[in-house]
Novice: 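For reference, the structure I am asking about is given below.
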Amino acid sequence: MSSAMRVVDIHTHMYPPSYIRILESRSTIPLVRSFPQTPDPRLILLEAEVKTLEEATQDAAAKLPGRPLTSHYASLAQKMHFMDTHHIDISVISLANPWLDFLDPSESGQMAESVNNEFSTMCGQHPGRLYFFGTLPLTAPLDTVISSINHLKGLKYCRGVILGTSGLGKGLDDPNLLPIFEAVAAAQLTIFLHPHYGLPNEVWGPRASAEYGHVLPLALGFTMETTIAVTRMFLSGVFDKVRELRMILAHSGGTLPFLAGRIESCIMHDGQLVREGKVGKGRRTVWDVLKEQVYLDAVVYSEVGLRAAIDASGADRLMFGTDHPFFPPLTTDEQGEWESVSLNAAAVSKAVGEGSDEAKAIMGGNAIEILRLTED
Ligand code: 5CU
């Protein structure tokens with residue numbers, strides 16, 4: 001008899017109230033700002049939103065920047081309601097972007113400790129239903145970062161760390177990150193790699209901020225950012241140097257499953273890499289890393305992308321996610337079902353068959369096993 005399906009959401013964010021207070025106190029992005037023309041304050045996060053922010057600051061009739069900061073971002077009761085509405089048994093919650101990347105080095109260690117404790121406390125209020133990915137104070141000195149990893153290791157409901165692509169400011173191929181990757185791997189914490197910075201605004205052209213909403217930075221900037229970050233890690237040899245490192249890539253790896261073949265071909269045909277002996281026999285390829293050290297979330301909204309992700313990494317390495325509280329419904333009640341969630345669930349059914357063993361694995365079984373969601 002086949003087992004019942006358990007649904008686990010591994011891509012679901014929150015900003016605890018203390019973090020929102022920091023955003024409220026800021027005058028540059030990321031920030032929270034109130035505008036007279038709307039009751040909800042606005043959450044302004046992305047470089048692509050700065051122009052609209054400036055325009056709205058000068059002209060009360062201008063388009064509002066960012067997104068409404070609803071109770072979905074900070075309320076635990078709202079998270080539980082969302083889970084119940086969508087039949088989600090377990091959520092692995094994480095701080096949303098841009099994490100602690102913007103904090104002064106003197107503040108980030110203390111803030112990481114308090115945010116991680118807040119997440120731990122929230123999980124303790126719903127044992128068995130909530131786990132979390134912690135946050136690292138990457139602007140702080142190395143020993144503070146290592147202390148934070150040790151702190152997370154001791155927190156009962158922590159299963160990993162959420163990480164952006166900037167690392168210590170120079171990206172994830174920075175050799176100075178190696179001790180951090182080693183410590184995370186030794187603590188058996190899985191990295192959840194998530195984009196924030198996208199691509200430079202000029203790439204989107206002069207019409208984007210007035211006419212195209214958030215489509216280009218979110219659909220393409222985020223996904224290319226992840227693809228580039230992981231490819232840089234691969235080229236620098238991080239995955240070989242830290243063989244126990246395990247990473248979940250947001251948005252099904254950006255475009256990595258689709259582009260892995262081209263990346264490999266460019267490596268094989270690169271005169272410099274060949275001359276330097278980096279393309280020898282027995283070398284691990286991007287495909288190997290995708291199957292051995294990488295997991296992918298299933299937040300790609302279509303069976304076409306999901307099939308590429310499954311082909312690249314295997315159905316046993318995909319994990320369902322919602323990206324809540326981002327992408328709320330715009331024309332129906334936010335307290336009801338979210339189309340962004342049903343699109344991802346439908347993509348799983350279409351890609352591997354509704355109710356199939358693979359669907360059960362992607363919807364929850366893989367996460368339970370890989371992230372040890374049954375252990376106290
Ligand atoms: O809508 C957005 O800007 C976002 C974001 O910032 N982070 C995220 O995870 N999803 C959507």
Side-chain angles (χ1 to χ4, degrees), residues 9-16 19-20 22-23 26 28-33 40-53 56 63-74 78-79 82 91-102 115 119 132-133 135 160-166 191-201 203-204 208-209 212-227 229 247-255 296-301 305 319-330 334 338-341 343-344:
D9 180 1
I10 62 108
H11 188 156
T12 180
H13 303 295
M14 291 188 76
Y15 293 116
Y19 188 93
I20 300 270
I22 293 183
L23 297 188
R26 290 175 55 82
T28 53
I29 60 162
L31 58 83
V32 167
R33 168 97 41 100
D40 275 327
R42 305 289 292 187
L43 171 65
I44 301 145
L45 299 172
L46 308 177
E47 192 62 40
E49 295 162 356
V50 169
K51 191 157 180 277
T52 328
L53 169 63
K63 189 173 70 171
L64 287 167
R67 54 204 67 56
L69 179 68
T70 63
S71 60
H72 282 266
Y73 286 86
Q78 191 71 80
K79 180 68 78 185
F82 173 84
S91 287
V92 187
I93 52 179
S94 50
L95 186 66
N97 51 299
W99 315 284
L100 309 179
D101 286 9
F102 57 91
V115 165
F119 272 87
F132 75 104
F133 294 119
T135 307
V161 294
I162 186 161
L163 191 74
T165 62
S166 67
I191 290 178
F192 178 27
L193 181 65
H194 194 289
H196 169 72
Y197 297 95
L199 297 178
N201 269 345
V203 173
W204 312 128
S209 83
Y212 307 151
H214 290 104
V215 174
L216 294 171
L218 291 182
L220 306 181
F222 268 29
T223 47
M224 283 316 298
E225 177 187 352
T226 304
T227 309
M247 295 184 100
I248 304 170
L249 309 186
H251 316 122
S252 296
T255 63
L296 303 171
D297 77 16
V299 183
V300 69
Y301 306 98
M319 299 182 234
F320 178 72
T322 64
D323 211 354
H324 179 254
F326 295 99
F327 305 111
L330 299 177
E334 278 195 8
W338 289 29
E339 191 180 20
S340 53
V341 178
L343 279 172
N344 278 322

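When a ligand or atom number is given, it counts from 1 through the structure's own listing order. Heavy-atom basis, side chains included; hydrogens, waters and symmetry copies ignored.
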Novice: Which of parallel (below 30°), tilted (30 to 60°) and perpendicular (above 60°) describes Phe82 and Trp338?
Specialist: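 Ring orientation of Phe82 relative to Trp338: perpendicular.
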
Novice: Check each protein residue for a heavy atom under 4.0 Å from ligand 1 and list those that pass, ordered by chain and number.
Specialist: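 Residues His13, Leu45, Leu46, Arg67, Asn97, His194, Leu218, Phe222, Asp323, Phe326, Phe327 each place a heavy atom under 4.0 Å from ligand 1, listed by chain and number.
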
Novice: Restricting to side-chain contact (heavy atoms from CB on, under 4.5 Å), what partner residues turn up for Thr165, sequence neighbours left out?
Specialist: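 In terms of side-chain contact (heavy atoms from CB on, under 4.5 Å), with neighbours along the sequence ignored, Thr165 is linked to Leu193, Tyr197, Glu225, Ala229.
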
Novice: Got a sec, which residues hit side-chain contact (heavy atoms from CB on, under 4.5 Å) with Tyr212, two or more places apart in sequence or on another chain?
Specialist: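 Applying side-chain contact (heavy atoms from CB on, under 4.5 Å) to Tyr212 gives Arg207, Ala208, Leu216.
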
Novice: Fit a plane to each ring of Phe119 and Phe132, take the angle between them on a 0 to 90° scale, and name the class: parallel (under 30°), tilted (30 to 60°) or perpendicular (over 60°).
Specialist: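 Plane angle under 30°, so parallel.
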
Novice: Does Ala48 have any side-chain contact (heavy atoms from CB on, under 4.5 Å) partners at least two apart in sequence or in another chain, and if so, which?
Specialist: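 With neighbours one apart ignored, the set is Asn201, Pro217.
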
Novice: Flag yes if more than 12 heavy atoms outside Gln78 fall under 6.0 Å of its CD atom; otherwise flag no.
Specialist: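 Yes, CD of Gln78 has more than 12 neighbouring heavy atoms, counting only those of other groups under 6.0 Å.
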
